[in-house]
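Naming: A, B, ... by sequence-line order, numbering from 1 per chain.
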Amino acid sequence: DQQVKQNSPSLSVQEGRISILNCDYTNSMFDYFLWYKKYPAEGPTFLISISSIKDKNEDGRFTVFLNKSAKHLSLHIVPSQPGDSAVYFCAATGGTSYGKLTFGQGTILTVHP
Amino acid sequence: NAGVMQNPRHLVRRRGQEARLRCSPMKGHSHVYWYRQLPEEGLKFMVYLQKENIIDESGMPKERFSAEFPKEGPSILRIQQVVRGDSAAYFCASSPLGIAGLRVDEQFFGPGTRLTVL
């Protein structure tokens with residue numbers, strides 16, 4: 001069963017505009033959420049995270065929003081840059097899953113110059 | 001300040017052979033995790049280890065797969081009698097010990113080992 005879902009396999013955005021990547025989860029025990037960025041032939045790179053006690057966390061151009069009632073989180077990148085083009089994974093952990101990250105399938109972001 | 005190191009980066013094995021994948025965590029990190037990424041899929045958790053202990057192996061296949069993180073040296077993921085379905089990218093991640101028992105959830109990933117089984 002897919003406990004973390006990224007329903008958009010790909011997203012295309014113009015440079016300078018906002019990129020919004022979405023993620024849904026089903027396990028109500030998850031209490032910590034992370035976003036990773038991955039380039040081909042490399043390992044995932046940690047971007048930003050959020051605890052379930054917050055609804056927003058911001059770091060430079062990256063902001064993560066958490067809606068616990070809807071079991072939904074999103075990553076906003078503004079302004080988007082061509083170097084942001086990569087695969088973005090959301091991940092979750094918590095409860096009996098402590099120490100274990102459950103990943104979504106990933107969204108391929110392409111930022112056009 | 002080296003990151004997580006994995007070797008080899010690429011490994012080719014024939015069906016029935018053994019594959020050994022090595023992971024050296026970041027300096028100061030005492031938790032190691034292994035994940036597998038099959039083609040066109042996300043990363044799937046396999047096992048979580050601390051020095052000399054397996055904490056959670058709920059994602060490990062029941063047969064042929066084993067993992068260890070000895071007191072000295074890297075963590076090893078061992079796959080015996082490989083089959084074509086084992087072809088995947090295997091990623092290792094590490095995290096530090098939390099301060100005062102607090103959880104540390106950010107995991108830092110290595111570049112992965114790409115295993116191809118012929």
> If you group Ile, Leu, Val, Met, Phe, Trp and Tyr by side-chain heavy-atom gaps below 4.5 Å, do Met60(B) and Ile76(B) land in one group?
Replying inline: no
> What heavy-atom pair brings Glu42(A) and Phe91(B) nearest, and what distance separates the two atoms?
Replying inline: O-CE2, 3.7 Å
> Going only through I, L, V, M, F, W and Y residues with side-chain contacts under 4.5 Å, is there a path from Phe65(A) to Tyr25(A)?
Replying inline: no
> Are Leu21(B) and Leu43(B) connected, step by step, through hydrophobic side chains (Ile, Leu, Val, Met, Phe, Trp, Tyr) whose heavy atoms are closer than 4.5 Å?
Replying inline: no
> So, for Leu101(A) and Phe45(B), which heavy atoms are closest and what is the spacing to 0.1 Å?
Replying inline: O-CB, 4.0 Å
> Any chain of hydrophobic side-chain contacts (each under 4.5 Å) joining Ile48(A) to Leu66(A)?
Replying inline: yes
>> Are Trp35(A) and Val4(A) connected into the same hydrophobic cluster when the rule is that any two of I, L, V, M, F, W, Y join if their side-chain heavy atoms are below 4.5 Å apart?
In response: yes
> Using a cut-off of under 4.5 Å for heavy-atom pairs, which of Gln37(B), Arg114(B), Glu41(B) has the most such pairs with chain A?
Replying inline: Arg114(B)
> Of the non-hydrogen atoms in Lys100(A) and Tyr35(B), which two are nearest, and what is the gap between them?
Replying inline: C-OH, 4.1 Å
>> Quick check for you: to the nearest 0.5 Å, what is the distance between Tyr36(A) atom OH and Phe109(B) atom CZ?
In response: 5.0 Å
> Using non-hydrogen atoms only, which part of Gln6(B) is less than 4.5 Å away from chain A: side chain, backbone, both, or neither?
Replying inline: neither
